[in-house]
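This report concerns only the one structure given below.
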Amino acid sequence: MAVVSESSRRALLPSFLYAAPASSTSFAAAAAVGGRRVAAPSVWANAPSEPAGRIEMYSPAFYTACTAGGVASCGVTHMAVTPLDLVKCNMQIDPAKYKSISSGFGTLLKEQGARGFFRGWVPTLLGYSAQGACKFGFYEFFKKYYSDIAGPEYAAKYKTLIYLAGSASAEVIADVALCPMEAVKVRVQTQPGFARGLSDGLPKFVKAEGYAGLYKGIVPLWGRQIPYTMMKFASFETIVEMIYKYAIPAPKSECSKPLQLGVSFAGGYIAGVFCAIVSHPADNLVSFLNNAKGATVGDAVKKLGVWGLFTRGLPLRIVMIGTLTGAQWGIYDAFKVMVGLPTTGGVAPTPAAGGEQLKADA
């Protein structure tokens with residue numbers, strides 16, 4: 001039986017979200033605190049067995065690992081789909097020239113050659129690496145923070161609201177890190193001859209519009225990314241919970257790591273489809289504003305139309321964001337497994353079981 005200090009127990013809160021080591025013989029272990037024996041918290045999904053000295057949940061090392069996992073999952077995946085993003089942005093800015101996905105690729109190949117498909121990859125890599133670090137790291141922080149404020153009973157009852165609030169809070173910060181690189185990326189990708197990449201594109205952008213211009217698109221970016229991220233995290237957590245509850249006959253603790261990572265990818269892909277739909281109008285606005293100097297939201301609506309804001313470039317973005325989000329969750333959870341942490345999401349306990357455990361913890 002494990003012996004832990006009171007500070008260690010507090011560090012493991014919220015106890016209903018994460019698991020004790022899988023090597024435990026039951027979902028509740030005894031702990032000695034202050035000379036008396038109390039039941040350790042029940043769990044929703046068991047974490048992998050961890051050797052001594054591995055990362056403790058909700059410790060500074062835990063948040064550092066989640067931040068590093070966010071860098072690995074977002075920067076590389078966004079860079080990999082740069083060709084799709086390039087065609088999508090040009091379809092949004094100049095639909096008369098880039099009429100479809102296939103013709104868009106053909107036009108870019110003819111005018112810029114094969115190397116042109118990765119135009120803007122440096123600001124994409126740097127911008128989305130910074131965004132991923134803040135998105136995943138702060139999501140884990142705010143999820144615990146809001147759960148602790150709500151308390152075990154209400155956090156379990158309103159867990160989806162916890163996911164939504166935590167992801168929205170994280171994305172506000174993440175977009176501040178992303179916005180300058182996004183502005184340069186869009187300008188490089190949609191204005192041929194403006195710049196070859198970040199090294200010459202950033203100085204030109206600042207000279208033309210000042211440093212404040214790098215944040216001209218922050219409000220539309222929030223409008224695109226906050227709904228996207230709220231959907232990304234809340235729907236992912238819900239979908240993964242449903243997969244383990246209804247589609248897989250064995251508890252998560254008995255599933256192999258490859259199967260758990262497969263669930264993460266599948267849940268992420270499905271969540272990505274929803275993400276693309278809810279955030280697409282703002283994505284069109286971001287592309288339009290960053291492409292045209294002095295443009296306003298009103299100009300974008302007038303030129304694109306309301307229907308165009310919701311539909312222009314949407315099929316390509318669904319493919320891109322679905323693949324992107326699935327890959328991001330797969331990479332993020334693979335990184336967590338690599339450092340000895342549990343994968344994200346799991347099956348919640350029944351209300352009765354949760355209530356009994358809350359009484360046991362009291």
Side-chain angles (χ1 to χ4, degrees), residues 78-79 81-124 127-128 175 178-198 200-202 204-209 213-225 228 276-321 324:
H78 273 278
M79 185 187 69
V81 297
T82 295
L84 290 174
D85 188 42
L86 188 61
V87 173
K88 183 265 299 179
C89 286
N90 280 283
M91 288 177 66
Q92 292 170 333
I93 297 303
D94 192 355
K97 183 177 181 180
Y98 300 89
K99 298 180 180 179
S100 66
I101 296 173
S102 58
S103 67
F105 275 107
T107 300
L108 285 173
L109 181 63
K110 181 180 179 181
E111 293 184 352
Q112 302 182 27
R115 294 182 61 183
F117 286 126
F118 281 91
R119 183 180 297 274
W121 72 269
V122 175
T124 298
Y128 283 95
D175 288 344
L178 169 65
C179 195
M181 293 296 101
E182 180 74 2
V184 175
K185 175 188 78 73
V186 171
R187 188 67 61 88
V188 169
Q189 289 181 336
T190 59
Q191 290 189 9
F194 172 75
R196 296 187 303 273
L198 178 65
D200 57 339
L202 179 59
K204 283 187 178 181
F205 192 104
V206 171
K207 184 177 181 180
E209 303 196 28
L214 293 170
Y215 282 94
K216 180 178 67 174
I218 187 64
V219 174
L221 188 62
W222 278 330
R224 180 187 79 184
Q225 290 298 131
Y228 165 86
I277 294 171
V278 302
S279 64
H280 194 66
D283 183 65
N284 273 314
L285 286 176
V286 170
S287 295
F288 186 89
L289 293 177
N290 283 327
N291 177 69
K293 182 179 180 179
T296 65
V297 173
D299 295 333
V301 174
K302 183 177 179 179
K303 182 173 181 178
L304 301 177
V306 176
W307 178 252
L309 283 175
F310 279 86
T311 61
R312 183 166 292 170
L314 180 59
L316 179 58
R317 192 157 184 265
I318 286 176
V319 174
M320 184 180 80
I321 297 299
L324 197 69

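Here the OG1-CE distance, from Thr82 to Met320, works out to 9.5 Å after rounding to the nearest 0.5 Å. Distance CZ/Arg317 to CG/Leu84: 12.0 Å, rounded to 0.5 Å. Between the CG atom of Leu178 and the NE2 atom of His78 there is a distance of 8.0 Å, given to the nearest 0.5 Å. Taking CG from Leu289 and CD1 from Ile218, the interatomic distance works out to 12.5 Å, rounded to the nearest 0.5 Å. Once rounded to the nearest 0.5 Å, the distance linking OG1 of Thr124 with CE of Met79 reads 9.0 Å. Between Tyr128 atom OH and Leu324 atom CG the span is 8.5 Å, to the nearest 0.5 Å.
More than 12 heavy atoms of other residues, nucleotides or ligands sit less than 6.0 Å from atom OH of Tyr215. Lys204 NZ: more than 12 foreign heavy atoms inside a 6.0 Å radius.
Proximity of Leu221 to Arg224: side-chain heavy atoms (C-beta onward) are separated by under 4.5 Å at one or more points. For the pair Met91/Ile101, a side-chain contact is recorded, criterion being any heavy-atom separation below 4.5 Å from C-beta on. Two residues are said to be in side-chain contact when any heavy atoms from C-beta on lie closer than 4.5 Å; Asp85 and Cys89 meet this criterion. Inter-residue side-chain proximity for Val188 and Leu198 is flagged as unmet; no heavy-atom pair is nearer than 4.5 Å.
The backbone N or O of Asn90 sits nowhere less than 3.5 Å from a side-chain atom of Asp94 that would complete a donor-acceptor pair. Side-chain atoms of Arg119 come within 3.5 Å of backbone atoms of Ala195 as a donor-acceptor pair (strictly under, hydrogens ignored).
Put simply, the residue from Lys185, Arg187, Gln189 that forms a side-chain contact (heavy atoms from CB on, under 4.5 Å) with Pro123 is Lys185.
What you find for Gly223 and Ala282 is that their closest heavy atoms are C-CB, 3.4 Å. Taking all atoms of both residues into account, the shortest heavy-atom contact from Ala114 to Leu109 is N-CD1, 3.8 Å. The two residues Ala300 and Phe288 come nearest to each other via the heavy atoms CB-CD2, 3.4 Å. The minimum heavy-atom distance linking Gly104 with Tyr98 is given by the pair CA-CD2, 3.8 Å. Pairing each heavy atom of Leu314 with each of Ile277, the nearest pair is CD1-CA, 4.3 Å. For the residue pair Ala183 and Leu214, the shortest heavy atom distance occurs at CB-O, 3.9 Å.
The side-chain contact (heavy atoms from CB on, under 4.5 Å) search around Thr296 returns Asp299, not counting sequence neighbours.
The ring pair (Phe, Tyr, Trp, His ring centres under 6.0 Å) analysis of residues 103-123, with sequence neighbours excluded, yields the pairs Phe105-Phe117. For residues 95-109, the set of pairs meeting the salt bridge (Lys or Arg N to Asp or Glu O under 4.0 Å) definition, not counting sequence neighbours, comprises Lys97-Glu111.
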Stepwise side chain to side chain contact (heavy atoms under 4.5 Å, CB included) check, Tyr228 with Ile321 | CA-CA 10 Å; Tyr228 165 86; Ile321 297 299; 3.5 Å; yes
